Amino acid sequence: MKRFPFASLVVTLALASIVRFQLVARAADVPASLHAVKERMEQLDRKLSDLTSEVEGLKRRGEALKESIGAKTKQVQALVEEPTKLSNDLKKRVDLFQSGEEQKQLEALKDIEKLASRDEVVLVCGRVAKDSPHESVRRRALTAAVSLGEDGYVAIAMAYAGLSGKDREFLAQELAKRNSPDNVVFFAFMTKDANKELLQTLLNAELPSSQRILFLSAIAETQMNDAFYDHLVAVGSRMEGEPGLLLLYAMAKKGPEKQAAAAVEAAVKAGPKRKDDAWPVIAAAYQNASKTTRAAVVRAAKQLGGEPGDFVVKTALAETDSDLKAAAEAAVKERQ
């Protein structure tokens, strides 16, 4: 989580797209609406730059949590070393758990919050989630741990290494229900050794838009593959408002050609309410010097039409690069 790839990739002069247009057309020919697009791109670049600071803040929060959880874990585990200090209620629950029977282990978790101390609650949740052979028991313990808020982080840490992939998926779903800002930290950590199924669960978990953007940013460097890029475009196309536009803009500007083209198509398909948002994405994609992306830009410009659309098509057809020009010509000839 030390760097934010989107920001480092796309924080450049937003004017570059417009300048590139002007290389092949007189400045007087540039529609006023495209000057407005330049301003919008500058705003988007600033927001992407601001996210760099947010990721640094996320990193600091992760370090603080690690330190806090480590200290608290030692405190909780100290209870095991001094059994005389354990409450009678906890000892009865331990006996039930040691029976190995599923129903008795579930009974050991009943009204777990009524134990004498919070540390005892955390200890039971962590050890049961880690050691029970029964899925229903482990999941009941994980649900209880999540309900404890920050105190439950210790129980989760105690159990996590021994959890199966399915249990980790369940944990991610339970954490998402709590809707805590710390979910981004946990989810980013959970992707490190996640199998395909867990990764999909984490990517599809219900998160507020701002947290989702932060989470995707935090894991981007370790997930640089077509499937992840496709996911970014898909999320950007579904997500309303600035967060969705930021994703499409970033992918159009510096994504692989397939996904940059897909970002343009997604921006245009977003409908009349987001029509103005399509132009920054189109202008960003114009800098992506690939035939696939250039064809997508021309198709989008044709579809949106108007002075901006005509200008983009005219500019693309005047391209000095023969391959890019051929791609534009082919796109112009396509039927809408």
Side-chain angles (χ1 to χ4, degrees), residues 1 58-178 180-195 198 202:
M1 296 189 289
L58 183 68
K59 176 176 175 289
R60 290 191 295 271
R61 175 58 177 164
E63 292 171 345
L65 278 177
K66 181 180 178 181
E67 183 177 345
S68 172
I69 290 172
K72 188 70 174 178
T73 299
K74 291 180 180 179
Q75 177 181 322
V76 170
Q77 289 179 333
L79 291 174
V80 180
E81 299 171 3
E82 299 182 74
T84 58
K85 293 185 178 182
L86 299 179
S87 68
N88 290 330
D89 187 6
L90 177 56
K91 292 175 182 177
K92 291 177 182 178
R93 292 172 187 271
V94 170
D95 290 339
L96 286 171
F97 180 78
Q98 289 180 337
S99 71
E101 297 178 24
E102 183 176 8
Q103 288 306 312
K104 287 186 177 181
Q105 290 191 348
L106 288 171
E107 186 179 346
L109 292 171
K110 186 177 180 180
D111 296 327
I112 191 69
E113 70 280 358
K114 293 182 179 179
L115 280 169
S117 71
R118 197 73 158 181
D119 284 353
E120 286 192 347
V121 178
V122 169
L123 177 63
V124 171
C125 290
R127 292 294 292 268
V128 171
K130 175 178 178 292
D131 296 332
S132 176
H134 307 293
E135 181 181 270
S136 64
V137 178
R138 295 194 303 273
R139 295 191 175 186
R140 180 75 64 83
L142 288 173
T143 299
V146 172
S147 72
L148 296 174
E150 289 194 31
D151 287 340
Y153 295 171
V154 175
I156 293 170
M158 290 171 62
Y160 191 79
L163 295 179
S164 66
K166 290 294 183 182
D167 284 344
R168 291 181 181 186
E169 290 177 48
F170 177 81
L171 173 61
Q173 293 164 353
E174 291 299 298
L175 286 169
K177 292 177 185 177
R178 184 169 170 262
S180 165
D182 288 334
N183 283 347
V184 181
V185 177
F186 279 101
F187 284 11
F189 169 79
M190 292 172 74
T191 61
K192 291 183 178 180
D193 59 350
N195 58 27
L198 175 57
L202 294 169

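A quick note: this is a predicted structure, and the numbers were derived from the prediction, not measured. If you read the sequence from its start, that first residue is 1, and numbering goes on from there. Quick note: numbers below take in every heavy atom, side chains included, and nothing from hydrogens, waters or symmetry partners.
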Is there side-chain contact between Ser180 and Glu150, with at least one heavy-atom pair below 4.5 Å? no
Minimum heavy-atom distance Cys125-Ala144, with the two atoms named: SG-CB, 3.7 Å
For atom NZ of Lys91, is the number of surrounding heavy atoms from other residues, nucleotides or ligands below 6.0 Å larger than 12? yes
Arg139: which residues meet the salt bridge (charged side-chain N to carboxylate O under 4.0 Å, His left out) condition with it, sequence neighbours left out? Glu135, Asp167
Can you tell me how far apart CZ (Phe170) and CG (Leu163) are? Round to the nearest 0.5 Å. 11.0 Å
Tell me the closest heavy-atom pair linking Asn183 and Ala176, and the distance in Å. ND2-CA, 3.8 Å
Check the pair Glu174 / Lys177 against salt bridge (Lys or Arg N to Asp or Glu O under 4.0 Å), numbers first and verdict last. CA-CA 5 Å; Glu174 291 299 298; Lys177 292 177 185 177; 2.9 Å; yes
Any side-chain heavy-atom pair of His134 and Leu106 under 4.5 Å: no
Residues which pass ring-ring contact (aromatic ring centres under 6.0 Å, His included) with Phe97, listed by chain and number, not counting sequence neighbours: none
Please say which of Leu123, Val121, Leu86 ends up in a side-chain contact (heavy atoms from CB on, under 4.5 Å) with Leu115. Val121
As a quick check of understanding, evaluate side chain to side chain contact (heavy atoms under 4.5 Å, CB included) for Ile112 and Arg93, giving each step before the final call. CA-CA 9 Å; Ile112 191 69; Arg93 292 172 187 271; 4.0 Å; yes
Is Lys72 atom NZ crowded by more than 12 heavy atoms from other residues, nucleotides or ligands, each under 6.0 Å away? yes
Between CG of Leu198 and CZ of Arg168, what distance do you get to the nearest 0.5 Å? 7.5 Å
Show the nearest heavy-atom pair for residues Gly165 and Asn195, with the distance to one decimal. CA-ND2, 4.1 Å
Within this structure, what is the OG-CG distance for the pair Ser87 and Leu79, rounded to the nearest 0.5 Å? 9.5 Å
Are side-chain heavy atoms of Val124 and Glu120 found at a separation under 4.5 Å? no
Close side-chain approach of Leu171 to Tyr160, heavy-atom, < 4.5 Å: yes
With sequence neighbours excluded, residues passing side-chain contact (heavy atoms from CB on, under 4.5 Å) with Ser68: none
When rounded to the nearest 0.5 angstrom, what distance separates CG in Leu175 from OH in Tyr153? 8.0 Å
Validation row: Gln98, Asp95 side chains within 4.5 angstrom (heavy atoms): yes
What is the distance from atom CD of Gln105 to atom OG of Ser136, rounded to the nearest 0.5 Å? 8.5 Å
Distance (rounded to the nearest 0.5 Å) between Arg138 CZ and Leu142 CG: 8.5 Å
Leu96 vs Lys110 side-chain heavy atoms within contact, under 4.5 Å: no
Note: Gly149 and Arg178 closest approach over all heavy atoms is CA-NH2, 3.2 Å
Identify the heavy atoms of Val154 and Thr73 that sit nearest to each other, and give their distance. CG1-OG1, 3.4 Å
Taking the side chain as every heavy atom from C-beta outward, state whether Arg127 and Val80 have any atom pair closer than 4.5 Å. yes
Would you indicate whether the side-chain heavy atoms of Glu113 and Leu148 approach each other to under 4.5 Å? no
Would you please test Asp119 and Lys85 for salt bridge (Lys or Arg N to Asp or Glu O under 4.0 Å) and show each step? CA-CA 12 Å; Asp119 284 353; Lys85 293 185 178 182; over 6 Å; no
